[in-house]
*Asks:* 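Pasting a structure here, questions to come.
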Amino acid sequence: MENIFLIGFMGSGKSTIARVLQKELGMQLVEMDARIVQEQGMSINDIFAQYGEDHFRDIESQLILTIGKEGDTIVSCGGGVVVRPQNVDYMRKSGRIIYLKATPETIYERVKHSTDRPILNGNMNVAYIAQLMEKRRELYENAADITVSTDGKSREEICKEIMAGISE
């Protein structure tokens, strides 16, 4: 089976849905941000602060290439993975890209107590989230093979939609 890449804004449900899909499909699971933290020995916040976003995106791109070679993996991607067109190309070559979509209000409810979202630090509000989401919306939509809205749906409903989409 090919890889399944879950993309979407932070808080759209990528990590949660990746875990459910892993149980359903028996594939490997890679949480991109967690793997980067483990491999780099520092937090995403620290990578951004010390080396900048470009360096972080380089690490992300390399990880996607590595995962592409491993295969049979469900990947919960970092929210900004689509910022680089080559990342989308790498993902397309080795799997299907699923865009998990949610409203800014839903995102806010899911991330408002989080402290490890460097892009939201100091701007934890619906208006700012909506503005950031709008900047990336077209990138997510253009990258996606399948788009699934996660608002008001159970994990099982979301996974059924994904599995129906990838089996077509």
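Numbers here are sequence positions counted from 1.
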*Asks:* Any donor-acceptor pair under 3.5 Å linking the side chain of E157 with the backbone of S154?
*Replies:*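 Between the backbone of S154 and the side chain of E157 there is a qualifying donor-acceptor contact (under 3.5 Å).
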
*Asks:* Treating S61 as the side-chain partner and I59 as the backbone partner, does any N or O pair qualify as donor plus acceptor under 3.5 Å?
*Replies:*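 Between the backbone of I59 and the side chain of S61 there is no qualifying donor-acceptor contact (under 3.5 Å).
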
*Asks:* How far does CG of N142 sit from CZ of R137, to the nearest 0.5 angstrom?
*Replies:*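 The distance works out to 9.5 Å.
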
*Asks:* Taking D151 for its side chain and A102 for its backbone only, find out whether a donor-acceptor pair lies under 3.5 Å.
*Replies:*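 A pair under 3.5 Å: no.
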
*Asks:* Under 6.0 Å from the CZ atom of R92, do we count more than 12 heavy atoms belonging to anything else shown?
*Replies:*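 For R92, atom CZ is crowded (more than 12 foreign heavy atoms under 6.0 Å).
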
*Asks:* For the CD atom of E2 and the CG atom of D72, what is their distance to the nearest 0.5 Å?
*Replies:* 9.5 Å

*Asks:* Keeping D145 on the side-chain end and I97 on the backbone end, is there a donor-acceptor pair under 3.5 Å?
*Replies:*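 Flag set: sc D145 to bb I97 pair under 3.5 Å.
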
*Asks:* Any side-chain heavy atom of R96 within less than 4.5 Å of one from F5?
*Replies:* no

*Asks:* Have a look at L21 and tell me which of I158, I98, I74, I166 forms a side chain to side chain contact (heavy atoms under 4.5 Å, CB included) with it.
*Replies:*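 Exactly one pass, corresponding to I74.
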
*Asks:* Could you walk me through whether E53 and R84 pass the salt bridge (charged side-chain N to carboxylate O under 4.0 Å, His left out) test, one step at a time?
*Replies:* CA-CA 12 Å; E53 185 175 355; R84 284 201 172 163; over 6 Å; no

*Asks:* With a 4.0 Å cut-off on N to O distance, would you call D33 and K14 a salt bridge?
*Replies:* no

*Asks:* Would you say that I146 contacts V148 through its side chain, given a criterion of any heavy-atom pair below 4.5 Å between the two side chains?
*Replies:* yes

*Asks:* Working to the nearest 0.5 Å, report the span between CD of Q38 and CD1 of I36.
*Replies:*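 Going from the CD atom of Q38 to the CD1 atom of I36 covers 11.0 Å.
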
*Asks:* Quick check: is Y51 connected to M32 through a chain of hydrophobic side chains (ILVMFWY, heavy atoms under 4.5 Å apart)?
*Replies:*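 Looking at the clustering, Y51 is in the same group as M32.
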
*Asks:* With heavy-atom distances below 4.5 Å as the criterion, would you say the side chains of V75 and M27 are in contact?
*Replies:* no

*Asks:* When hydrophobic residues are tied together by side-chain contacts of less than 4.5 Å, even through go-betweens, does V20 share a cluster with I162?
*Replies:* no

*Asks:* Taking M133's backbone N and O only, do any of them form a donor-acceptor pair with Y140's side chain (distance below 3.5 Å, no angle check)?
*Replies:* no

*Asks:* When rounded to the nearest 0.5 angstrom, what is the spacing between NZ in K93 and CD1 in I64?
*Replies:*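 Interatomic distance, K93 NZ to I64 CD1, rounded to 0.5 Å: 12.0 Å.
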
*Asks:* With side chains defined as the heavy atoms from C-beta onward, is the minimum distance between I67 and M91 less than 4.5 Å?
*Replies:* no

*Asks:* Have T16 and R110 got a donor and an acceptor in their side chains that come within less than 3.5 Å?
*Replies:*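 No - no donor-acceptor pair under 3.5 Å links their side chains.
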
*Asks:* Could you check whether E60 pairs with R57 (Lys NZ or Arg NE/NH1/NH2 to Asp/Glu carboxylate O, under 4.0 Å)?
*Replies:*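 Result for this pair is yes, salt bridge flagged.
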
*Asks:* Applying a strict under-4.5 Å side-chain criterion to I, L, V, M, F, W and Y, I'd like to know whether V82 and F48 cluster together.
*Replies:*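 The answer is yes; both residues are in one hydrophobic cluster.
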
*Asks:* So, the side chain of D46 versus the backbone of M42: is there a donor-acceptor pair under 3.5 Å, distance only?
*Replies:* no

*Asks:* Within this structure, what is the CG-CD distance for the pair N3 and Q28, rounded to the nearest 0.5 Å?
*Replies:*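 Here the interatomic distance stands at 8.5 Å.
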
*Asks:* What is the distance from atom OH of Y90 to atom NZ of K69, rounded to the nearest 0.5 Å?
*Replies:* 9.5 Å

*Asks:* Could you check whether any side-chain N or O of K153 sits under 3.5 Å from a backbone N or O of S149, counting only pairs where one atom can act as donor and the other as acceptor?
*Replies:* yes

*Asks:* Do V30 and S76 have side chains that approach each other closer than 4.5 Å (heavy atoms only, starting at C-beta)?
*Replies:* no

*Asks:* Is it the case that S15 and E31 place a side-chain donor and acceptor less than 3.5 Å from each other?
*Replies:* yes

*Asks:* With a 4.5 Å limit on heavy-atom distance, are the side chains of I107 and S12 in contact?
*Replies:*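 They are in contact (side-chain heavy atoms under 4.5 Å apart), so the answer is yes.
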
*Asks:* Does the pair E161/K101 count as a salt bridge with the N-to-O cut at 4.0 Å?
*Replies:*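 So E161 does not pair with K101 through a salt bridge.
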
*Asks:* Would a 4.5 Å heavy-atom cut-off, applied to side chains only, mark Q131 and Y128 as touching?
*Replies:*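 Of all side-chain heavy-atom pairs linking Y128 with Q131, at least one is under 4.5 Å.
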
*Asks:* With a 4.5 Å heavy-atom cut-off, do I17 and L100 have their side chains touching?
*Replies:*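 The answer is yes, as the side chains (C-beta and beyond) meet within the 4.5 Å cut-off.
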
*Asks:* Shortest non-hydrogen contact from S94 to G68?
*Replies:*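 Looks like OG-CA, 3.5 Å.
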
*Asks:* Answer yes or no: is there a donor N or O on one side and an acceptor on the other, between the side chain of N87 and the main chain of V81, under 3.5 Å?
*Replies:*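 It does hold such a pair.
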
